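Take a look at the structure set out below.
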Amino acid sequence: QVQLVESGGGLVQAGGSLRLSCAASGRTFRSYVMGWFRQAPGKEREFVAAISWRGGSTSYAGSVKGRFTISRDNAKNTVNLQMNSLKPEATAVYYCAAGPSQAHYGLAYDYWGQGTQVTVSS
């Protein structure tokens, strides 16, 4: 069982940066792939980024590649998402998720946090 709690969301101007964090409980954290997803109002949840259990492999949605960076610290049971050069279309609730494979679809993930709101003003 893994419990996930996101933090770090907020309001930022376009072009700015935010760093999201996800704190995980449970001794098995390091055995899970971790992912970030987001859901904007009226839209479906979409994949943002994922990182392998050791952190050696990462993957990103095309819309964020080169601007967002996912990282993890297994000693601290945390996964982070550094978001730079933010655009208004990044406005969404961001969710942290844990699962067995580095997939780009939500059904592959078993555990989810409650989400943190990110708002990017133009």
Side-chain angles (χ1 to χ4, degrees):
Q1 188 84 9
V2 177
Q3 293 183 325
L4 305 171
V5 179
E6 302 94 337
S7 62
L11 174 65
V12 64
Q13 288 188 335
S17 299
L18 276 178
R19 183 178 177 85
L20 304 184
S21 293
C22 175
S25 63
R27 293 177 294 176
T28 58
F29 169 78
R30 63 185 63 197
S31 66
Y32 285 97
V33 168
M34 298 301 298
W36 284 96
F37 288 77
R38 65 187 181 188
Q39 187 166 21
K43 295 188 177 181
E44 293 187 353
R45 182 178 58 195
E46 65 174 357
F47 169 79
V48 176
I51 188 166
S52 61
W53 66 277
R54 278 188 174 179
S57 174
T58 58
S59 56
Y60 298 91
S63 60
V64 307
K65 199 168 187 178
R67 299 183 297 114
F68 289 16
T69 303
I70 188 172
S71 61
R72 69 188 296 164
D73 186 336
N74 287 342
K76 295 182 179 179
N77 279 15
T78 57
V79 59
N80 300 305
L81 184 68
Q82 177 67 41
M83 306 186 294
N84 298 329
S85 302
L86 281 162
K87 303 176 182 179
E89 50 263 42
T91 295
V93 177
Y94 283 70
Y95 297 92
C96 172
S101 64
Q102 198 169 333
H104 291 195
Y105 53 95
L107 289 177
Y109 292 80
D110 299 321
Y111 303 102
W112 293 81
Q114 294 298 309
T116 185
Q117 175 71 47
V118 171
T119 303
V120 184
S121 63
S122 57

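Quick caveat, the model's predicted, so the values are computed rather than measured. All values below were derived from every heavy atom in this structure, side-chain atoms included, with hydrogens, water molecules and symmetry-related copies excluded.
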Inset, instruction - Could you tell me the separation between the OG atom of Ser7 and the CZ atom of Arg19, rounded to the nearest 0.5 Å? - result: 10.5 Å
Inset, instruction - For Gln82 and Asn80, test the side chains for any donor-to-acceptor distance below 3.5 angstrom and give the result as yes or no. - result: no
Inset, instruction - Taking all non-hydrogen atoms of both residues into account, name the closest pair between Gly113 and Tyr95 and its distance. - result: O-CD2, 3.6 Å
Inset, instruction - Please identify each residue that fulfils side chain to side chain donor-acceptor pair (under 3.5 Å) with Asn74, with sequence neighbours left out. - result: Arg72
Legend entry - Spatial distance of atom CG (Asn77) from atom CZ (Arg30) [nearest 0.5 Å]: 7.0 Å
Inset, instruction - Taking all non-hydrogen atoms of both residues into account, name the closest pair between Ala103 and Ala108 and its distance. - result: CB-CB, 3.4 Å
Inset, instruction - Output yes when a side-chain donor or acceptor of Glu6 lies under 3.5 Å from a complementary backbone atom of Gly115, and no otherwise. - result: yes
Inset, instruction - Would you mind listing the cluster partners of Leu81? Hydrophobic ones only (ILVMFWY), side-chain contacts under 4.5 Å, chaining allowed. - result: Val2, Leu4, Val12, Leu18, Leu20, Phe29, Tyr32, Met34, Trp36, Val48, Ile51, Tyr60, Val64, Phe68, Ile70, Val79, Met83, Leu86, Tyr94, Tyr111, Val118, Val120
Legend entry - Shortest non-hydrogen separation from Arg67 to Ser85 and the atoms involved: NH1-O, 2.8 Å
Inset, instruction - May I ask you to check whether over 12 heavy atoms, not counting those of Glu89, lie within 6.0 Å of atom CD? - result: yes
Less than 3.5 Å apart, which donor and acceptor atoms pair up between the side chains of residues 39-47 and the rest of the protein, not counting sequence neighbours?
{"from": "Gln39", "atom 1": "NE2", "to": "Lys43", "atom 2": "O", "distance (Å)": "3.1"}
{"from": "Glu46", "atom 1": "OE2", "to": "Arg38", "atom 2": "NE", "distance (Å)": "2.6"}
{"from": "Glu46", "atom 1": "OE2", "to": "Arg38", "atom 2": "NH2", "distance (Å)": "3.1"}

Inset, instruction - Grab the two heavy atoms, one from Thr116 and one from Gly9, that are nearest each other, plus how far apart they are. - result: OG1-N, 3.2 Å
Legend entry - Atom pair CD (Gln117) and CG (Leu11), whose distance is rounded to the nearest 0.5 Å: 9.5 Å
Inset, instruction - Report whether Val93 and Tyr109 are members of the same hydrophobic cluster (ILVMFWY, side-chain heavy atoms less than 4.5 Å apart, transitive linking). - result: yes
